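Here it is, the structure, as structure tokens.
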Amino acid sequence: MGSENHFRTSIALLTAALCLLTAAPSIRADSTAVVVVPDRLCFPGDEIHIEATLYRSGLLGLFKGGIQGEVLRFIDPDGKPLRDLLSDPSGSARIRYTAGPAGRYPITVHLSQNPRYSAGPATGNLFVQEEKMPLFFVSVEAGLMPPISSPLLRRDPEEIAPEPGSAEALSEIAACRMPVYLTQGARPSSHQTRSWLEKKGYPLGPIYFLDRPLMAGILSEAPPPETGVLESLWKERSVPAHLLTRDSGLAKAAADKGIRVLILTSKSSTTNPSLQEEKKKEEKGKEQGIISVHDWAAIPTICPCKKEKSD
């Protein structure tokens, strides 16, 4: 009887210890975390919020919720401290910032040193655009990166080659339009997306999150794509905005809002549609504000920059 009670007591103590470890991970000293500072896009003189969020790292490269009650220090583009703030229950802190003239303004956020968490500094960019400059939205995963057979497949950004000719074409477009990158990636992984764009030679531009569920359309019916991000950024409606994507759902949703859409398609030899059917599809797409493109080299000719008249 004594040995049985001892065994039960040991099991109870072990169970309690495991519960403490899983329920309260923040009690571990120097846990790994990550700071995320999303990019922002605005006009000169706008007063906006610059936000930073502190995320707790999890297993297998995943991230858990935000961390509350930690000090985040905001640093201005000149390296001077702006403000120290405690993160809220979602792990976020935000400051008000008045935009200067057109240009790019990096805002860096540091996690105050403490015995609980460690995280490197993170930088987000404030892009102040000229009021009459058109926007050119482009999907990262469904445009710049080659398609994959399943969205469940995880790809190492360091090993992904971009779509041939995409960096060159987008650089040409950026001469007269502001590139805005749309990503379906997780917010804590935004630094990987930013690094990939820089290393592959893409022009500078803000990165925005579509926040679409990874499993959408796999385990359940996919919800309609949200266009709130595109609409909120397209403030100057007197100039057009374009979207380039391979995502047909996003393309239709954007076209319904008045955005001119270029949808990347491949000419498959297996389908081999007749010329008449292909022409009907193109005409229908143009009526809906959607143009099919098969090659990146053709995109700058569809969205050309207006050349100034020489004297």
Side-chain angles (χ1 to χ4, degrees), residues 21-22 24-41 48-97 103-127 140-141 144-145 154-160 162 180-211 214:
L21 287 173
T22 55
S26 60
I27 65 175
R28 293 176 295 177
D30 201 22
S31 297
T32 305
V34 62
V35 178
V36 175
V37 186
D39 291 339
R40 295 298 307 272
L41 179 65
I48 63 170
H49 283 103
I50 302 292
E51 183 179 79
T53 304
L54 181 65
Y55 292 94
R56 180 185 293 112
S57 297
L59 299 175
L60 303 176
L62 301 176
F63 293 89
K64 301 180 181 178
I67 304 171
Q68 181 181 9
E70 299 298 333
V71 178
L72 297 175
R73 169 168 292 187
F74 291 76
I75 309 294
D76 73 5
D78 296 322
K80 299 177 182 178
L82 289 168
R83 196 172 177 187
D84 290 358
L85 290 173
L86 285 174
S87 56
D88 64 16
S90 68
S92 299
R94 56 194 62 83
I95 62 169
R96 297 188 72 86
Y97 191 86
R104 179 176 68 92
Y105 300 85
I107 303 294
T108 302
V109 177
H110 294 258
L111 170 65
S112 178
Q113 187 173 4
N114 63 66
R116 297 175 298 279
Y117 297 97
S118 63
T123 299
N125 291 305
L126 171 61
F127 289 86
V140 176
E141 293 82 8
L144 303 181
M145 295 181 178
R154 295 188 63 188
R155 299 190 286 184
D156 182 359
E158 296 294 329
E159 299 179 358
I160 301 175
V180 180
Y181 299 99
L182 305 175
T183 177
Q184 298 178 28
R187 291 174 184 267
S189 303
S190 59
H191 63 285
Q192 295 179 339
T193 302
R194 192 190 311 277
S195 176
W196 185 84
L197 291 170
E198 291 176 356
K199 289 180 180 179
K200 303 306 179 183
Y202 289 102
L204 288 173
I207 300 172
Y208 276 81
F209 303 93
L210 288 176
D211 291 329
L214 177 64

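As the structure is a computational prediction, the values presented were derived from the model and not from experiment.
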Is the backbone of Gln184 close enough, under 3.5 Å, to the side chain of Glu141 for a donor and an acceptor to pair up by distance?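 Yes; judged by distance alone, with no hydrogens or angles, the pair exists.
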Only pairs at least two apart or in different chains count here, so list each salt bridge (charged side-chain N to carboxylate O under 4.0 Å, His left out) that has a residue in residues 196-206.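 Only Glu158-Lys199 qualify under salt bridge (charged side-chain N to carboxylate O under 4.0 Å, His left out).
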Where do Val36 and Pro38 come nearest, in terms of heavy atoms and distance?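 That would be O-CD, 3.7 Å.
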Of all heavy-atom pairs between Asp39 and Asn125, which one has the smallest distance, and what is that distance?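 Asp39 and Asn125 have their closest heavy atoms at OD1-N, 2.8 Å.
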Is there a side-chain contact between Val71 and Leu111, using heavy atoms and a 4.5 Å cut-off?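 A side-chain contact is absent here, since even the closest heavy-atom pair is not under 4.5 Å.
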I need the minimum non-hydrogen distance between Ser190 and Phe209, along with the two atoms involved.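 What the structure gives for the nearest pair is CB-CZ, 3.5 Å.
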Which pairs, with at least one residue in residues 81-91 and sequence neighbours excluded, count as a salt bridge (charged side-chain N to carboxylate O under 4.0 Å, His left out)?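 Sorted result for residues 81-91: Arg73-Asp84, Asp88-Arg94.
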Partners meeting side chain to side chain contact (heavy atoms under 4.5 Å, CB included) with Leu204 (sequence neighbours left out):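 Leu204 satisfies side chain to side chain contact (heavy atoms under 4.5 Å, CB included) with Arg104, Phe127 only.
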Nearest atoms (heavy-atom pairs only) where Ser90 meets Thr53: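 Looking at all heavy atoms of both residues, the closest pair is O-CG2, 3.8 Å.
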Which value, rounded to the nearest 0.5 Å, describes the distance between Leu197 atom CG and Ile207 atom CD1?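 Spacing of CG (Leu197) from CD1 (Ile207) equals 5.0 Å.
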Do the side chains of Arg116 and Glu70 get close enough for a salt bridge, i.e. N-O under 4.0 angstrom?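 Salt bridge flag = yes for Glu70 with Arg116.
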Value rounded to 0.5 Å, distance of CG in Leu72 from CG in Leu85: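 The CG atom of Leu72 sits 7.5 Å away from the CG atom of Leu85.
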According to ring-ring contact (aromatic ring centres under 6.0 Å, His included), who are the partners of Tyr202, at least two apart in sequence or on a separate chain?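 For Tyr202, the residues satisfying ring-ring contact (aromatic ring centres under 6.0 Å, His included) (neighbours in sequence not counted) are Trp196.
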Thr108: side chain to side chain contact (heavy atoms under 4.5 Å, CB included) partners, not counting sequence neighbours: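 Only Ile75, His110, Pro121, Thr123 meet the side chain to side chain contact (heavy atoms under 4.5 Å, CB included) criterion with Thr108.
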List the residues meeting side chain to side chain contact (heavy atoms under 4.5 Å, CB included) with Gln192, not counting sequence neighbours, and say none if there are none.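 For Gln192, the residues satisfying side chain to side chain contact (heavy atoms under 4.5 Å, CB included) (neighbours in sequence not counted) are Pro157, Ser189.
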To the nearest 0.5 Å, how far apart are CZ in Arg194 and OH in Tyr181?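 Between atom CZ of Arg194 and atom OH of Tyr181 there are 11.5 Å.
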Passing candidate, side-chain contact (heavy atoms from CB on, under 4.5 Å) with Ile67, options Val34, Leu54, Val35: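 With Ile67 as partner, side-chain contact (heavy atoms from CB on, under 4.5 Å) holds for just one option, Leu54.
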Between CG on residue Leu210 and CG on residue Leu182, distance to nearest 0.5 Å: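 With rounding to 0.5 Å, CG (Leu210) is 5.0 Å from CG (Leu182).
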Testing the basics here: between Ile50 and Phe74, what is the closest heavy-atom pair and its distance to 0.1 Å?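 Heavy atoms of Ile50 and Phe74 come nearest at O-CE2, 3.7 Å.
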How far does CD1 of Ile48 sit from CG of Leu41, to the nearest 0.5 angstrom?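 CG of Leu41 is found 9.0 Å from CD1 of Ile48.
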Within the 4.5 Å heavy-atom criterion, are Tyr117 and Thr32 side-chain neighbours or not?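 No, every pair of side-chain atoms sits at 4.5 Å or beyond.
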Donor-acceptor pair between Tyr97 and Arg40 side chains, under 3.5 angstrom: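 Judged by distance alone, the side chains do not pair up.
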Could you tell me which non-hydrogen atom of Val37 sits nearest to which non-hydrogen atom of Ala122, and how far apart they are?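 In this case the closest contact between Val37 and Ala122 is CG2-O, 3.7 Å.
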Rounded to the nearest 0.5 Å, what separates atom CG in Leu126 from atom OH in Tyr105?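 Those atoms lie 8.0 Å apart.
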For the backbone of Gly69 and the side chain of Ser87, can you confirm whether one donor and one acceptor N or O come within less than 3.5 Å of each other?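 At least one qualifying donor-acceptor pair exists.
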